[in-house]
Amino acid sequence: MEGFSVSVVPDDGEGRVPVGLAGQIMIDIQQLIGDIGEYLVAKELRIQNTLHPDLLNRFVLYLDGDGGMTFGASVTESKVQGMGNIVSDAIDLTDAVLTALGSGIGGYWMEDRFTDPIYRNTIIVDVLALYEHMVMSPGNSLMFGPADDMKRFGKVDADKLRAFIKDRGLTANGATLGVLVNVPSKAKGDLLYLQCGKDRARISFYDKASENRARGLVGSPVLIGGKLAFSKNGELLEIRDGAGITPVSNIKFRRLISCDGDVTLKNPVQADVIYSSGIWTLRNDDLGISATKDTWDAAVQSFHDYFVFLWTQYGGKDPSGESGDEAEVSAYLNSLME
């Protein structure tokens with residue numbers, strides 16, 4: 001969305017806007033776009049716990065100023081032009097969230113669009129804070145959107161959203177990646193858990209066949225689906241009705257994201273996944289990428305960084321103008337866009 005901006009305006013068209021209100025709304029919008037951006041990146045990379053701060057810096061907004069009351073959302077330009085921009089996607093989704101929740105829609109709309117309950121709750125809380133700050137300063141309205149088609153932020157059904165968070169806010173149907181571990185128990189026999197970074201979630205299975213399949217994959221990285229239950233601090237505590245257990249020997253990425261930009265491919269790039277003694281490696285021999293780290297989060301972010309770096313050097317170039325390995329890398333990168 002080009003030229004997204006927000007503006008606090010007096011309802012009578014003549015009054016003045018308190019500086020404190022305008023400043024607070026700027027902070028609220030930054031928080032909202034930052035959290036939505038973090039969700040989008042974490043989803044693409046299947047992040048287990050934390051993103052590198054440099055990735056989040058892509059969602060920092062800068063004032064383009066207009067009389068002190070209207071401010072545009074601008075970001076540092078991507079070094080990878082014309083290949084997709086996750087910052088623009090975050091702004092588009094921010095616009096959709098403000099439009100929907102400002103029309104009184106409840107949490108189920110959010111549930112359809114945000115698969116991670118912790119990010120979903122955080123974004124709902126961001127919108128509630130924004131709405132409450134506007135309510136505390138009657139006589140003013142928040143306008144948002146592209147400069148030539150701005151919309152008025154409406155009335156949020158705060159009670160409905162709070163009830164949704166209370167009733168359903170810490171669970172979600174979904175799938176997650178981790179390593180299956182066996183935990184001996186004298187009282188209940190051996191129990192299976194999924195180690196997701198620093199979190200260890202107990203698994204209850206949908207059926208015996210799913211449990212038997214999981215027991216045969218102990219010590220291996222897997223994808224597992226079910227109802228994910230989290231703590232208030234965002235820790236994955238439990239996977240209920242676990243099923244669809246799939247060993248992860250490779251993973252494909254259609255979108256590669258780094259602090260320098262992101263690349264959306266027509267054909268996904270594959271990363272071979274190797275896990276041994278607590279160490280993760282993501283590798284693509286055609287590109288000469290091998291990212292080895294002691295956490296999934298660090299390894300996957302390193303793989304994406306390396307890919308985007310290679311794209312800035314060789315992507316879209318004529319392989320005949322290169323030599324040796326560089327020509328092969330350029331040809332392979334170009335094949336991902338054919």
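The basis for the numbers below is simple: all heavy atoms, side chains too, and nothing from hydrogens, waters or symmetry mates. Note that the structure is a prediction, hence the values are computed from the model and not measured.
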Exercise. Is Ile47 close to Val41 at the side-chain level, that is, under 4.5 Å between some pair of heavy atoms?
Worked result: no

For this session: Mind checking the CZ-CG spacing from Arg58 to Asn85? Nearest 0.5 Å is all I need.
Result: 5.5 Å

For this session: Could you pull out the closest heavy-atom pair between Leu256 and His304, with the gap in Å?
Result: CA-ND1, 3.4 Å

Exercise. How about Asp28 and Gln24: does a side-chain donor come under 3.5 Å of a side-chain acceptor?
Worked result: yes

For this session: Give a yes or no on this: more than 12 heavy atoms of other residues, nucleotides or ligands lie within 6.0 Å of atom NZ of Lys155.
Result: no

Problem set entry | Straight-line distance of Ile257 CD1 to Glu44 CD, nearest 0.5 Å | 5.0 Å

For this session: Identify whether the distance between the nearest side-chain nitrogen and carboxylate oxygen of Arg255 and Asp262 falls below 4.0 Å.
Result: yes

For this session: Check Val248 against Leu223 and note the closest heavy-atom contact, atom names and distance.
Result: CG2-N, 3.6 Å

Seminar exercise, completed: Of all heavy-atom pairs linking Asp272 and Gln270, the shortest is OD1-NE2, 3.2 Å

Exercise. Do Phe253 and Leu282 have side-chain heavy atoms sitting under 4.5 Å apart?
Worked result: yes

For this session: Flag yes if Leu237 and Leu191 sit in one hydrophobic cluster, no otherwise; membership is Ile, Leu, Val, Met, Phe, Trp, Tyr, and two members link when side-chain heavy atoms are under 4.5 Å apart.
Result: no

Exercise. Does OH belonging to Tyr275 count more than 12 external heavy atoms closer than 6.0 Å?
Worked result: yes

For this session: Answer yes if the side chains of Ser302 and Asp305 hold a donor-acceptor pair under 3.5 Å, and no otherwise.
Result: no

For this session: Quick one: do Cys259 and His52 satisfy side chain to side chain contact (heavy atoms under 4.5 Å, CB included)? Show the steps, please.
Result: CA-CA 9 Å; Cys259 58; His52 193 285; over 6 Å; no

Problem set entry | Gap separating the CD1 atom of Ile203 from the OH atom of Tyr193, nearest 0.5 angstrom | 9.5 Å

For this session: Without swapping roles, check the side chain of Arg283 against the backbone of Val273 for a donor-acceptor pair under 3.5 Å.
Result: no

Problem set entry | Where Thr171 and Arg240 come nearest, the two heavy atoms and their spacing | CG2-NH1, 4.0 Å

Exercise. Is it true that a side-chain atom of Gln48 and a backbone atom of Leu177 form a donor plus acceptor pair closer than 3.5 Å?
Worked result: yes

Problem set entry | Nearest-0.5 Å distance, CZ of residue Arg168 to OH of residue Tyr108 | 4.5 Å

For this session: Hey, can you tell me if Tyr306 and Phe309 have their rings parallel, tilted or perpendicular (30° and 60° cut-offs)?
Result: tilted

Exercise. Under a single-linkage definition using a 4.5 Å side-chain heavy-atom cutoff for Ile, Leu, Val, Met, Phe, Trp and Tyr, are Ile29 and Val135 assigned to the same hydrophobic cluster?
Worked result: yes

For this session: Check whether Met134 and Leu128 end up in the same hydrophobic cluster, where Ile, Leu, Val, Met, Phe, Trp and Tyr are linked by side-chain heavy atoms less than 4.5 Å apart.
Result: yes

Problem set entry | Side chains of Ile123 and Leu32 in contact at under 4.5 Å (non-hydrogen atoms) | yes

For this session: Report the C-alpha separation of Glu328 and Asp286 in whole Å, then their side-chain angles, then the decisive distance to 0.1 Å, and conclude whether the side chain to side chain contact (heavy atoms under 4.5 Å, CB included) test is met.
Result: CA-CA 8 Å; Glu328 293 181 7; Asp286 291 315; over 6 Å; no

For this session: Report yes or no: do Thr99 and Lys151 form a side-chain donor-acceptor pair below 3.5 Å?
Result: yes

Exercise. Does Asp190 reach the main-chain N or O of Asn182 with its side chain, forming a donor-acceptor pair under 3.5 Å?
Worked result: no

Seminar exercise, completed: For Trp280 and Pro221 the tightest heavy-atom approach is CH2-CB, 3.5 Å

Exercise. Looking only at heavy atoms, what is the nearest atom pair of Phe153 and Gly102, with distance?
Worked result: CE1-CA, 3.8 Å

Exercise. When rounded to the nearest 0.5 angstrom, what distance separates CG in Leu228 from CG in Asp241?
Worked result: 11.0 Å

For this session: Report the distance from atom CG of Asp112 to atom CZ of Arg120, rounding to the nearest 0.5 Å.
Result: 9.5 Å

Exercise. If Ile, Leu, Val, Met, Phe, Trp and Tyr residues are connected whenever their side-chain heavy atoms lie under 4.5 Å apart, and connections chain through other members, are Leu130 and Phe114 in the same group?
Worked result: yes

Exercise. So do Glu111 and Phe164 actually touch side chain to side chain, heavy atoms under 4.5 Å?
Worked result: yes

Problem set entry | Sub-4.5 Å side-chain heavy-atom contact between Leu170 and Pro117 | no

Exercise. Can you find a heavy atom in the side chain of Gln30 that is under 4.5 Å from one in the side chain of Val60?
Worked result: yes

For this session: May I have the step-by-step check of side chain to side chain contact (heavy atoms under 4.5 Å, CB included) for Arg200 and Val183, ending in yes or no?
Result: CA-CA 11 Å; Arg200 178 175 285 189; Val183 179; 3.7 Å; yes

For this session: Taking Gln301 for its side chain and Asp297 for its backbone only, find out whether a donor-acceptor pair lies under 3.5 Å.
Result: yes

Problem set entry | Lys/Arg N to Asp/Glu carboxylate O, Arg152 vs Asp11, below 4.0 Å | yes

Exercise. Can you tell me if CG on Asn212 sees more than 12 non-hydrogen neighbours from other groups inside 6.0 Å?
Worked result: yes

For this session: Let me see the working for Ile224 and Thr176 under side chain to side chain contact (heavy atoms under 4.5 Å, CB included), right down to the final yes or no.
Result: CA-CA 6 Å; Ile224 180 170; Thr176 190; 4.2 Å; yes

For this session: Indicate yes or no: at least one non-hydrogen side-chain atom of Ile124 is less than 4.5 angstrom from one of Ile165.
Result: yes

Problem set entry | Connected via hydrophobic side-chain network under 4.5 Å: Met337 and Leu287 | yes

Exercise. Do the non-hydrogen side-chain atoms of Leu336 and Phe307 ever get within less than 4.5 Å of each other?
Worked result: yes

Exercise. With a 3.5 Å cut-off and no angle check, do the side chains of Thr115 and Tyr39 form a donor-acceptor pair?
Worked result: yes

Exercise. Counting N and O atoms only, with roles assigned by atom type, does the side chain of Asn140 sit under 3.5 Å from a partner on the main chain of Val17, one being a donor and the other an acceptor?
Worked result: no

Exercise. Is there a donor-acceptor pair closer than 3.5 Å between any side-chain N or O of Thr295 and the backbone N or O of Lys293?
Worked result: no

